[in-house]
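These notes concern the structure reproduced below.
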Amino acid sequence: MRTSQKDFNDAVSQVKLLKEDPGNEVKLKLYALYKQATEGPCNVPKPGMLDFINKTKWDAWNALGSLSKEAARQKYVDLVSSLSTSSKSPSPETPAADRKPPEGNSLVVTSEDGITTIRLNRPTKKNALTTQMYHDIIAALQAASKDESTITVLTGSGDYYCSGNDLTNFTHLSAGGLEEMARSGEVLLRDFVDCLIDFPKPLVAVVNGPAVGISVTILGLFDVVYATDRATFHTPFSHLGQSPEGCSSYTFPKIMGSSKAAEMLLFGKKLTAQEACARGLVTEVFPDGTFQKEVWARLKAYSKLPPNALRISKQIIRKQEKEKLHAVNAEESSVLRERWLSDECMNAIASFLSRKAKL
Ligand SMILES: CCCCCCCCCC/C=C/CC(=O)SCCNC(=O)CCNC(=O)[C@H](O)C(C)(C)COP(=O)(O)OP(=O)(O)OC[C@H]1O[C@@H](n2cnc3c(N)ncnc32)[C@H](O)[C@@H]1OP(=O)(O)O
């Protein structure tokens, strides 16, 4: 059956009414099909390398080749129709466990039994860290350092611990352009890591699933790291045209030796939880089935220890290193600022955004 212009126009209107964000990949397909349906094959010059978003859109449109306007309209209408069906609100009978939790509150901070828990809560994005989340974690750590709790925990919601820096952070260009984005990124990264270096109470990572990028590199600044046996540890900086951060260029060689650290930080070797434990990055690994129960029982017991003794002991353990760590953090952040402006980094991010590559 032929798609009429009216069907197409209706589908265009329907997209604006979708209840759920269909995600970047689908939005890119919609964009490309719309352009093909209305203007025919891609007929504009390729945007420059630094213009990520427009280059990604151009690639998607250009990839449709000589597809006819009629066929593109049909594909557009079919795609919108599949989205409208899948984004209908769940019926009242849908079991609560089958529903995705809301995206609204990306960080959840709770305090109970002497433990302040900072939970990354963007499970549908594998808990990738937005710029807002870095700011919120800094604020949560500052509050936790002064609250009544004895121990502070960082953990994630859903099947991932954290997929690292949200790569769409790079697409939110301000009036100052790329240079300004990189400059403010450097300051934010340095403040975030400084806050971890200076955190005065026992800091525990409860790694509930795979961990990527900055969520792995900062583990060297935690006092204890508990991981489920489902967790993996991955720092794909070279693949992304980036360089190590979170003081890992200093803490990783110290923790696991220089050649093991290089395998992770240069070549992006992904470690299993057991391997990370054998290398000293993880304190202890638990079977996934009993992970939450065992870890929280243990933390509750530790949280009954005298808080001042814990603070003072942590201070003695970390004191010698602090100055060095701040210097390393400043250098890593400054090097990354340059990296973010490089073609290697731009290409890797554009590639992720157009979903040509998964790590
Ligand atoms: C200059 C500005 C900077 C501002 C802020 C600076 C602050 C400091 C930055 C410090 C630098 C840190 C370096 C890093 O952290 S490097 C690591 C970056 N992370 C990645 O490269 C991971 C990319 N993601 C993946 O490879 C895969 O998604 C996955 C994690 C292996 C999971 O694969 P899986 O197939 O299971 O799931 P999906 O790919 O379908 O993912 C589900 C949805 O989640 C979105 N997602 C996942 N990870 C990220 C991410 N890091 N950034 C943005 N979005 C992410 C994915 O797109 C899917 O979304 P969709 O459903 O809408 O398509």
Side-chain angles (χ1 to χ4, degrees), residues 18 20-30 50 52 56 83 86-87 100 103 106 120 122-138 156-174 176-196 209-219 230-249 264-265 268 270 329 332-342 345-346 348-359:
L18 285 175
E20 283 172 21
D21 183 336
N24 287 342
E25 199 173 349
V26 171
K27 284 195 280 197
L28 202 56
K29 270 190 204 148
L30 286 170
L50 300 186
F52 288 139
T56 304
L83 293 174
S86 65
S87 78
K100 282 183 182 169
E103 276 296 342
S106 300
L120 309 175
R122 285 182 86 209
T124 57
K125 299 288 179 189
K126 310 292 182 194
N127 297 324
L129 297 167
T130 59
T131 49
Q132 184 59 47
M133 286 165 80
Y134 290 106
H135 287 291
D136 291 346
I137 296 170
I138 292 173
S157 295
D159 61 341
Y160 255 67
Y161 174 63
C162 175
S163 60
N165 188 38
D166 189 311
L167 295 173
T168 67
N169 285 339
F170 293 95
T171 63
H172 306 142
L173 281 186
S174 62
L178 269 176
E179 298 272 352
E180 170 54 24
M181 177 185 71
R183 196 200 59 77
S184 61
E186 175 189 358
V187 173
L188 180 56
L189 173 62
R190 206 180 52 226
D191 288 352
F192 173 69
V193 175
D194 274 347
C195 201
L196 293 166
V212 185
I214 189 163
S215 71
V216 177
T217 55
I218 57 173
L219 291 177
R230 223 171 31 76
T232 50
F233 297 82
H234 190 197
T235 49
F237 303 125
S238 302
H239 301 68
L240 292 167
Q242 298 189 32
S243 51
E245 79 294 287
C247 293
S248 58
S249 62
M264 281 190 86
L265 296 176
K270 191 195 284 188
N329 181 28
E332 287 178 346
S333 304
S334 154
V335 170
L336 251 182
R337 172 188 179 166
E338 296 296 323
R339 284 279 86 211
W340 286 328
L341 298 174
S342 71
C345 178
M346 308 266 172
I349 287 160
S351 176
F352 174 78
L353 295 178
S354 63
R355 307 313 301 245
K356 275 186 254 156
K358 265 200 188 164
L359 301 165

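Ligands are counted one by one from 1 in listed order, and the atoms in each one are counted from 1 as well.
Put simply, part of Tyr160 is less than 4.0 Å from ligand 1, judged by heavy atoms.
Counting heavy atoms under 4.0 Å from ligand 1, residue Ala128 touches it through the side chain alone. With a 4.0 Å cut-off on non-hydrogen atoms, Leu129 does not touch ligand 1 at all. With a 4.0 Å cut-off on non-hydrogen atoms, Thr131 touches ligand 1 through its side chain and not its backbone. Residue Phe192 does not touch ligand 1, judged by heavy-atom distances below 4.0 Å.
Near Gln242, with a cut-off below 4.0 Å to any heavy atom, the atoms of ligand 1 are 13 (C). Close approach of ligand 1 to Leu240 (heavy-atom distance below 4.0 Å) involves ligand atoms 16 (S), 17 (C), 18 (C), 21 (O). For ligand 1 and Leu189, the ligand atoms under 4.0 Å from any heavy atom of the residue are 8 (C), 10 (C). Residue contact check: Phe170 has heavy atoms under 4.0 Å from atoms 1 (C) of ligand 1. Taking every heavy atom of Glu245 and a limit of under 4.0 angstrom, the matching atoms of ligand 1 come to 11 (C), 12 (C), 13 (C). Near Asp166, the atoms of ligand 1 lying under 4.0 angstrom from a non-hydrogen atom of the residue are 52 (N), 53 (C).
Among the atoms of Asn169, none of the N or O lies under 3.5 angstrom from an N or O of ligand 1. On a distance-only criterion, Ile214 and ligand 1 share at least one N/O pair closer than 3.5 Å. When only interatomic distances are considered, the shortest N/O to N/O separation between Gly164 and ligand 1 does not fall below 3.5 Å. Some N or O of Ser163 is nearer than 3.5 Å to an N or O of ligand 1, by distance alone.
Counting all heavy atoms, side chain and backbone alike, Arg122 lies closest to Ser106 at CG-OG, 3.5 Å. Residues Ser354 and Leu28 share a closest heavy-atom pair of CA-CD2, 4.0 Å. Among all heavy-atom pairs drawn from Thr217 and Phe237, the shortest one is CG2-CZ, 3.4 Å. Closest approach of Leu240 and Ala348 over heavy atoms only: CA-CB, 3.6 Å. Contact record, Gly246 with Val193: CA-CG2, 3.9 Å, taken as the closest heavy-atom pair.
The residue among Lys126, Lys125, Arg339 with a heavy atom at the shortest distance from atom 60 (P) of ligand 1 is Lys125. For atom 2 (C) of ligand 1, the choice among Lys270, Glu180, Met181 with the nearest heavy atom turns out to be Met181.
A donor-acceptor contact under 3.5 angstrom links the side chains of Tyr134 and Asn165, judged on distance only.
Counting heavy atoms from C-beta on, the side chains of Asn329 and Ser333 come closer than 4.5 Å. Within the 4.5 Å cutoff, no side-chain heavy atoms of Asp166 are placed close to those of Leu129.
A salt bridge does not link Arg183 with Glu186: every distance from a Lys NZ or Arg NE/NH1/NH2 to an Asp or Glu carboxylate oxygen is 4.0 Å or more. Using a 4.0 Å cut-off between charged side-chain N and carboxylate O, Asp159 and Lys126 make a salt bridge.
Within 6.0 Å of CD on Glu180 lie more than 12 heavy atoms contributed by other residues, nucleotides or ligands.
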